[in-house]
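Below you'll find the structure, written out as structure tokens, and then a few comments.
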Amino acid sequence: MKNTYLYENNKIIKKDYSLVICEKPEAARKIAEALSNNTYRTQKVTDSIVFNLNYKGKELVICSALGHLYKINLAKTQSKLPRFDYSWTPINKPKNKAVIINSKINLIKLLSKDAKEFILACDLDQEGETIGYNILKYACNEKQKIAKRVKFSTLTEKDIKNAFSNMEKHIDIDLAIAGRTRHVIDCMYGINISKALSLAFMSYSNKYRTLSIGRVQGPTIAYVVENDLQIETHVPLPFWSINAYIETTENGKTTWLKIKYKKEKIIEKKEANNIIKNCKGEKAIISKINKNNFKINPPVPFNLSELQKKAFKLYKLNPYQTLNIAEKLYLKALISYPRTASQKLPTSINYRKIISNLSKLPEFTRITNNLLKKKKLTPTQGKMSDNAHPSIYPTGKMTKFQLSNTEKKIFNLIVTRFLELFEKPIIGKINLIHFNIGKYIFLSSSKKIKKETNSKHNKENKKHVNFQIAEKFNVKRIRMEENFETAPRPFNQITLIEKMEKENVGTKSTRANIIQTIIDRAYIKGTKLKSTHLARALVEVLQIYSPLILSSEMTRKMEKQLEEIENRKTTQEKVLTISSKNLRLIIKEIQKNNILIGKKLFSATKNLVIQSTNNSLAKCTICKKGDLIITSNSRNRALICSNSVNESCIVKASLPRFGLIKIYKKSCMTCLWPKIKTVFKGNPWIFCINPDCPSKRKRKL
DNA sequence: GCAAGGTC
């Protein structure tokens with residue numbers, strides 16, 4: 001039977017209710033549950049669920065948005081750049097989502113007509129206030145002036161009830177204006193500069209190409225470019241470490257034990273030689289034993305980003321793919337809602353039932369049966385929490401559908417992690433033993449696990465030997481090992497997101513999207529993200545004309561201005577006047593140098609050889625076609641094959657910063673790469689330039 | 001077309 005207490009024949013039939021506006025459907029449901037002790041009623045109105053209940057004699061109607069329903073638009077009527085005329089309009093994308101968003105706006109418009117009170121219940125942050133302000137202003141006809149505000153930071157019954165008993169009389173208009181200013185600044189800078197770059201490109205090449213830049217894209221591109229330059233100009237300087245082997249007896253058998261010299265990096269070879277010389281003929285004597293306990297807890301529950309990290313590490317699935325797969329698993333009811341930051345599991349979940357259901361999966365039977373023997377099942381909990389959703393866990397439901405290979409992988413990851421949460425921590429002892437050989441200290445550690453568990457998460461179990469202070473050992477061998485400083489690692493999608501987090505640019509819900517955008521623009525590419533020539537040209541250009549947009553400073557400065565708006569120390573108008581003034585200067589300079597900038601960017605989209613070959617030192621020993629040339633910037637220099645520019649040859653290596661470089665007459669015997677000869681600290685130095693040359697891995701001297 | 005920010 002159809003329930004028609006709220007809505008009938010396209011009309012709202014209730015009157016004089018309080019309309020509660022939430023940011024997302026999940027929040028509306030949780031509020032209805034909390035305030036009504038689960039006695040709320042629901043009805044579908046224009047495709048959305050609306051909740052109705054009586055709370056302390058008040059008739060509440062609770063509806064929800066879907067994040068932002070309105071966005072900023074720059075007027076296209078303004079033909080000259082920069083464009084400053086803007087307006088707020090409903091979001092309409094030519095996708096299914098637009099339909100939902102339009103119906104959300106229509107729903108709220110409909111519900112607002114007969115409401116006598118408006119209560120804003122969006123998330124408690126700047127964007128939440130902005131989302132609510134815009135809905136109240138545009139969909140509810142200027143009700144931002146009279147709307148009340150409920151403030152809760154978790155969606156628990158206690159917090160929600162508390163918020164409704166201590167309602168604020170007004171929404172925070174200043175915070176909303178600060179949020180709206182953020183939208184305007186991002187739109188103004190992003191669209192105008194992007195457009196100006198695209199036009200510069202066009203003016204030189206007569207071709208259209210979408211070039212984009214923004215407050216978050218800028219620094220993100222710059223991180224990758226900077227990192228790549230560091231990798232390319234990295235100088236693999238050598239350093240030395242020293243190992244000694246002492247004779248020990250164990251169960252009547254004589255074996256050698258490796259002990260390491262305390263200083264792990266010796267910069268001067270002379271120093272290493274000296275130590276070895278001085279140790280000759282000496283015995284190793286135990287001078288100190290540090291005894292410590294250790295405890296390794298099981299891992300914490302998966303939130304989305306930890307799941308994405310694990311999936312990338314194990315299967316090279318990028319964060320996007322993992323989210324897509326997790327969403328499919330969620331729709332098949334195999335796992336809980338995946339878009340969550342939480343690392344906690346609520347006690348209301350029946351762990352035993354889920355585990356016993358999972359035991360039907362043959363690959364998990366052994367672990368589940370062991371867990372089911374336990375009297376009490378208590379999972380570990382992580383630190384992070386999320387208002388709306390718990391961490392990701394398997395529901396214990398089985399599917400009749402066949403899972404794809406990758407779906408199966410992600411599902412198994414989630415199950416494995418869930419089962420690990422109930423394992424016991426691993427407890428043990430670790431001893432750090434100090435040996436004196438002459439006046440030098442060498443170290444060795446040993447670990448003993450106290451309780452054996454069936455857990456997989458610790459495999460180290462070094463044999464524990466009972467050593468005594470002042471015990472003496474023969475030193476059978478002592479030698480040094482040559483190592484090379486390694487270059488910084490290239491970014492991947494996970495580490496780039498981490499870098500953005502660390503620098504505080506973007507938000508958790510936009511970072512992955514923005515990385516995808518700069519991949520789509522051909523600024524970065526590959527699993528190991530590498531900057532393209534286009535990105536490098538773009539960074540060079542912007543460093544001259546708009547360095548601020550390449551730096552996380554722009555976010556810092558903007559946040560400071562927004563805070564001042566929020567605290568009424570300044571106004572939106574003042575901030576926007578300053579911003580538009582700066583922007584006008586930037587656009588003017590870009591336009592003045594249109595052709596130059598266009599040429600630079602256009603050339604970078606072609607695989608042009610950037611170096612002329614008349615400074616060739618020799619023919620490349622690998623591809624036999626290209627010329628070996630030296631490239632340099634202010635700080636570093638590198639030797640490259642001219643064919644490495646279009647990636648048809650791999651020869652590319654950093655060079656020492658100082659000294660004359662000559663190509664050595666013979667190439668490397670191991671890898672065939674060119675060798676060079678230079679003078680290093682007064683001595684001639686001949687070495688293979690290949691940073692990955694097998695001969696460099698662990699050369700024993 | 002172009003940004004960044006919500007949420008599905």
Side-chain angles (χ1 to χ4, degrees), chain A residues 22-28 47-49 64-76 78 81-83 86 88 90-91 93-101 103-104 122-123 125-135 176 178-202 207-221 304 323-324 326-328 330-331 337-341 386-389 500 505-518 520-521 549 554-555 558-559 562 579 583 587 590:
Chain A
C22 306
E23 188 167 320
K24 45 186 167 246
E26 188 63 20
D47 295 333
S48 291
I49 301 285
S64 68
L66 262 176
H68 281 288
L69 301 186
Y70 296 86
K71 65 166 189 148
I72 204 134
N73 266 324
L74 288 187
K76 290 211 170 88
Q78 232 182 324
L81 290 187
R83 293 172 178 165
Y86 68 88
W88 287 88
I91 293 174
K93 279 185 187 165
K95 283 184 186 168
N96 318 349
K97 272 182 197 173
V99 181
I100 300 169
I101 284 181
S103 80
K104 287 280 182 194
C122 287
D123 289 1
D125 53 28
Q126 184 176 281
E127 289 304 322
E129 211 73 12
T130 309
I131 289 167
Y133 177 100
N134 286 342
I135 292 171
R180 279 163 59 101
T181 312
R182 203 271 308 147
H183 286 251
V184 181
I185 291 174
D186 278 337
C187 184
M188 246 167 45
Y189 269 80
I191 290 182
N192 280 308
I193 300 180
S194 299
K195 180 98 185 162
L197 291 170
S198 300
L199 288 176
F201 188 94
M202 174 96 90
K207 287 189 174 107
Y208 176 77
R209 185 183 179 104
T210 300
L211 293 167
S212 67
I213 198 73
R215 177 175 56 81
V216 181
Q217 284 187 34
T220 307
I221 298 162
L304 178 60
L323 174 59
N324 282 338
E327 256 166 5
K328 279 184 192 160
Y330 166 67
L331 291 175
Y337 186 72
R339 284 173 191 259
T340 174
D386 188 312
N387 279 343
H389 309 280
M500 294 167 83
V505 297
T507 68
K508 76 178 197 315
S509 44
T510 56
R511 288 182 188 117
N513 284 321
I514 286 169
I515 291 175
Q516 191 55 49
T517 303
I518 64 181
D520 294 343
R521 301 271 180 271
I549 210 158
M554 178 158 175
T555 299
M558 187 193 72
E559 277 167 352
L562 298 185
S579 297
L583 184 59
I587 299 294
I590 292 178

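By convention in this document, chain letters (A, B, ...) are assigned in the order of the sequence lines, proteins followed by strands, and residues within each chain are numbered from 1. The figures that follow rest on heavy atoms only: side chains count, while hydrogens, waters and symmetry mates do not. Not measured: the values here are computed from a predicted model.
- Using modelled atom types and a 3.5 Å distance limit, the side chains of A/Gln217 and A/Ser212 yield a donor-acceptor pair.
- When distances run from any side-chain atom of A/Pro25 to the nucleotides B/dC8, B/dG6, B/dA3, the shortest one goes to B/dC8.
- Atom CD1 in A/Ile549 sits about 16 Å away from atom P in B/dC2, given to the nearest Å.
- Counting any heavy atom pair closer than 4.0 Å across all strands shown, A/Gly128 reaches no nucleic acid atom.
- Note: A/Trp88 and A/His183 have tilted aromatic rings, judged against thresholds of 30 and 60 degrees for the angle between ring planes.
- Applying the 4.0 Å criterion to OP1 and OP2 of B/dG5, one finds that A/Tyr70 has every side-chain N and O outside that range.
- Put simply, the side chain of A/Arg511 gets close to the backbone of A/Val505: a donor and an acceptor are under 3.5 Å apart.
- Here the side chain of A/His68 is nearest to one of B/dG6, B/dC8, B/dA3, namely B/dG6.
- Rounded to a whole Å, the CE atom of A/Met188 is 16 Å from the P atom of B/dA3.
- Between A/Arg182 atom CZ and B/dA3 atom P the separation is 13 Å, expressed in whole Å.
- Contact annotation: A/Arg215 side-chain N/O to B/dC2 OP1/OP2 distance is not under 4.0 Å.
- Residue A/Ser198 has no polar side-chain atom (N or O) positioned under 4.0 Å from OP1 or OP2 of B/dC2.
- A distance-only check finds no donor-acceptor pair linking the side chain of A/Thr510 to the backbone of A/Gly506 [under 3.5 Å].
- When heavy atoms are screened at a 4.0 angstrom cut-off, A/Tyr337 is found touching the sugar-phosphate backbone but no base atom.
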**Q.** CA sep, side-chain torsions, deciding dist, call: A/Met500, A/Ile515, side chain to side chain contact (heavy atoms under 4.5 Å, CB included)
**A.** CA-CA 10 Å; A/Met500 294 167 83; A/Ile515 291 175; 4.0 Å; yes
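- Rounded to an integer number of Å, the gap from A/Ile514 CD1 to B/dG6 P is 10 Å.
- Among the nucleotides B/dT7, B/dA3, B/dG5, the one closest to the side chain of A/Leu66 is B/dT7.
- For A/Lys195, the listed nucleotide lying nearest its side chain is B/dC2; candidates were B/dC2, B/dA4, B/dG6.
- Side chain to side chain, A/Thr555 and A/Arg215 meet the donor-acceptor criterion of an N or O pair below 3.5 Å.
- Listed pair A/Thr507 / B/dG6 meets the phosphate criterion, a side-chain N or O lying under 4.0 Å from OP1 or OP2.
- Of the candidate nucleotides B/dC2, B/dG5, B/dT7, B/dT7 has the atom lying nearest to any side-chain atom of A/Ser509.
- Across the protein-nucleic acid pair, A/Leu304 atom CG and B/dT7 atom C1' stand 13 Å apart, rounded to whole Å.
- Which of B/dA4, B/dC2, B/dC8 sits closest to the side chain of A/His183 comes down to B/dA4.
- Checking A/Ser212 against A/Glu23, the closest nucleotide of DNA chain B that is more toward the 5' end is the one next to A/Ser212.
- The side chain of A/Val216 lies closest to B/dA4, out of B/dA3, B/dA4, B/dC8.
- In this entry the distance linking CG of A/Leu583 with C1' of B/dC2 reads 13 Å, nearest Å.
- Among the protein residues, A/Arg521 comes within range of the sugar-phosphate backbone only, with heavy atoms under 4.0 Å from sugar or phosphate atoms but none that close to a base.
- Residue contacts for A/Asp123: at a heavy-atom cut-off of 4.0 Å it reaches the sugar-phosphate backbone alone, with no base atom in range.
- The CD atom of A/Gln516 sits 13 Å away from the P atom of B/dA3 (whole-angstrom rounding).
- Nearer the 5' end of DNA chain B, as judged by each residue's closest nucleotide, is the contact made by A/Ile72, out of A/Ile72 and A/Lys508.
- Going from atom CD1 of A/Ile101 over to atom P of B/dG5 covers 17 Å, rounded to whole Å.
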